Amino acid sequence: MKVNKKKYQLLIPVLFSWIALIIFNIITETLIKGSTDQTKINFWSILSVLTAIIAVITWVKKGNKFFCPYIIFLCFFIAFSMGQSILWGLCIHPENEIGPGVIYNVLVTQEDIVNAQRYSCLGVMSFHLGAILVERKRNYLIINQGGEFERIRNAMKLVGTVVGCVSIPLTLYNTISYYKIARQYGYRAIYYGGYVNSSPLFQIVEFFFFPSLLCLLIGYQYNKISRIIVYLIFGLYMAVGILSGDRGSWIYKVIVLFWLHIQYTPKFNRKNFLKFIIAGVILIYIVGVIKNVRNTELDNISVSFILENISLDKSPIIAAIAEMGGSMAICLLLIKFGNGIWPYGNTYLTAILGAVSSRIFTTIGGEYVNLDTWFSKEYLNLGTYGAGFSLLGEAYLNGGFIKSQIYLILLGSFVGYLLSWNNKRIKDISPLKIFMVSSSLNTFIGYSRGAMFMYIKQWLWGSLIMAFLIFCVSRFFRNKEEKIWKIKS
């Protein structure tokens, strides 16, 4: 058996870093209790920077491109989990940063911040360790006998068209409905105003919206007509989302489309990349403006009001990282309160059982409680807004400081396996594999800022079931071709 030396050579620095962070946690907890909390914050801020650098470099060194699905996920994961710590490690202190004082109606101290930094650093490295353990340079090249790739692409065209005829109009209708609510009552009213009454069936249909667009793009091999149609549909979805005050759902999808566009565009040069970078900076400014104005009724927003909320003297990138890094407050509060505050059992088990339908809990005599809503409304008693949740926070809630690391290693293995991508030629890869990677990235790219339940549900319907439909249709085409071949012979 041939041992992949490169794999284990790159596993060593990750494993060493993980062990080092455990040791530093023990030292912080025991040996340097006498030092000031600010010194500890500075120390863990530097470790946050090093953790981020090690995680990115070790993945790229394994033969992956820098701009690949897992790195995209990892950058968001790092930004949401310890973005502010990284900024502090670079001697950057943004406005409204996490600090001693009141956060979500709770008084926090510097010691609480240190605890959140310690946990976040170790949690990110545990997750990445899991991804490194399962990542391997797999050969996705399939012998294209009998036009296998072509059959899969034809199946994707059919499935994408049929499913899209239902999911696209419904999703656009719902998006426009959200816009009308935001226009009259502000963005928060969509989630906390009680104006949205969408059935679970409508939600499942929406899960198929973006995967159906991916099917059309991949099925038609990203030709000009498919790009125009898909980009027009998505452009409408994005424009209405922006007007509604939404920032997450469309920007994640833009990144997935950008990555996929690069895979199918061999002539994508530095000049084109520069254009996308400029467009990206503009998008970040737009996101900043949305943040400032989205809780205002849209009828009261004017051009002068928007211009007042565009800050040219502040870096939009730093502002974006600082805002995402505010999610560390979730871990801070959970560590402060303890993981025993959640009375409804293991949320991972709930997510897996309820992936098909949450009605299963009623069938077995239980109930489903939304973790995000419970934490914001029932526990923190927040009014017209929510704190959200986080991947690291859910791991802590289920396992505490130590057991959570096991959960994170397993989660890292799962996500790392799904998002592994190290092939250079798109034509050598099964279209079904391309779909699974891109649709999985679309699902889990925002997982850092939420609990598992909704993401695993979306992945089941939008990725697995869509892939199963594509596979079944391609088998049908194959059987049909074989029958015709037998008749002719």
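Numbers here are sequence positions counted from 1. Scope of the values below: all heavy atoms of this structure, side chains included, with no hydrogens, waters or symmetry mates. Everything numeric in this text was worked out from a predicted model, so none of it was measured.
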Ignoring hydrogens and angles, write down the donor-acceptor pairs under 3.5 Å from the side chains of residues 48-57, residues two or more places apart or on other chains.
unit_1 : atom_1 : unit_2 : atom_2 : d
Ser48  : OG     : Trp44  : O      : 2.8
Thr51  : OG1    : Leu47  : O      : 2.8

Considering non-hydrogen atoms only, spot the tightest contact between Ile103 and Ala329 and give its length.
CG2-CB, 4.0 Å

Distance (rounded to the nearest 0.5 Å) between Gln458 CD and Phe207 CZ
5.5 Å

Return the orientation label for the Trp461 and Phe208 ring planes: parallel under 30°, perpendicular over 60°, tilted otherwise.
perpendicular

Check for a donor-acceptor pair, side chain of Trp459 on one end and backbone N or O of Gly462 on the other, with a separation under 3.5 Å.
no

Are the side chains of Val415 and Phe127 in contact, using a 4.5 Å heavy-atom criterion?
yes

Using distance alone, with no hydrogens and no angle criterion, decide if His128 and Thr58 have a side-chain donor and acceptor under 3.5 Å apart.
yes

Pairs under 3.5 angstrom only: tabulate donor-acceptor contacts from the side chains of residues 400-411 to other protein residues two or more places apart or in another chain.
unit_1 : atom_1 : unit_2 : atom_2 : d
Ser404 : OG     : Gly400 : O      : 2.6
Ser404 : OG     : Phe401 : O      : 3.0
Gln405 : OE1    : Ser126 : OG     : 2.7
Gln405 : NE2    : Phe401 : O      : 3.0
Tyr407 : OH     : Asn346 : ND2    : 3.0

Quick check, are the ring centers of Phe210 and Tyr237 under 6.0 angstrom apart?
no

Kindly say whether the aromatic ring centers of Tyr231 and Phe234 come within a distance under 6.0 Å.
no

Could you report the tightest heavy-atom contact between Asn398 and Tyr348, atom names first, then the distance?
ND2-CE1, 3.5 Å

Between Ile113 and Gly99, what is the shortest heavy-atom contact and its length?
CD1-CA, 3.6 Å

Is the backbone of Met328 close enough, under 3.5 Å, to the side chain of Gln84 for a donor and an acceptor to pair up by distance?
no

Taking side chain to side chain contact (heavy atoms under 4.5 Å, CB included) as the criterion, tell me which of Ile71, Val437, Ile72 meets it with Trp421.
Val437

Main-chain N/O of Val369 paired with Thr373 side-chain donor or acceptor, under 3.5 Å
no

Where the side chain of Tyr104 meets the backbone of Leu333, is there a donor-acceptor pair that is under 3.5 Å apart?
no

Rounded to the nearest 0.5 Å, the OG1 atom of Thr39 sits from the CD atom of Gln110 at a distance of 9.0 Å

Taking every heavy atom of Gly388 against every heavy atom of Ser376, the minimum-distance pair comes out as N-OG, 3.7 Å

May I ask you to check whether over 12 heavy atoms, not counting those of Tyr344, lie within 6.0 Å of atom OH?
yes

State, to 0.1 Å, how close Glu206 and Asn174 come at their nearest heavy-atom pair, and which atoms those are.
OE2-ND2, 2.7 Å

Under 3.5 Å, is there a donor-acceptor pair between the Asp112 and Thr109 side chains?
yes

Examine distances only and state if a side-chain atom of Thr171 and a backbone atom of Ile168 form a donor-acceptor pair shorter than 3.5 Å.
no

Spacing of CZ belonging to Phe24 relative to CG belonging to Leu21, to within rounding of 0.5 Å
7.5 Å

Going by atom types alone, do Glu111 and Asn115 pair a side-chain donor with an acceptor below 3.5 Å?
no

Side-chain atoms of residues 444-452: list all donor-acceptor pairs with protein atoms under 3.5 Å, sequence neighbours left out, distances to 0.1 Å.
unit_1 : atom_1 : unit_2 : atom_2 : d
Arg449 : NE     : Ser327 : OG     : 2.8
Arg449 : NH1    : Ala387 : O      : 3.2
Arg449 : NH1    : Phe389 : O      : 2.9
Arg449 : NH2    : Ala387 : O      : 2.9

Within a strict 4.5 Å, meaning less than it, do heavy atoms of the Ile456 and Leu460 side chains meet?
no

Distance-minimising heavy-atom pair for Leu419 and Pro69
O-CB, 3.6 Å

d(Phe76 CZ, Leu441 CG) to nearest 0.5 Å is 9.0 Å

Using only atom types and a distance under 3.5 Å, with no angle test, would you say the side chain of Asn442 pairs donor to acceptor with the backbone of Ser438?
no

Give a yes or no on whether Tyr173 atom OH has more than 12 heavy-atom contacts from other residues, nucleotides or ligands under 6.0 Å away.
no

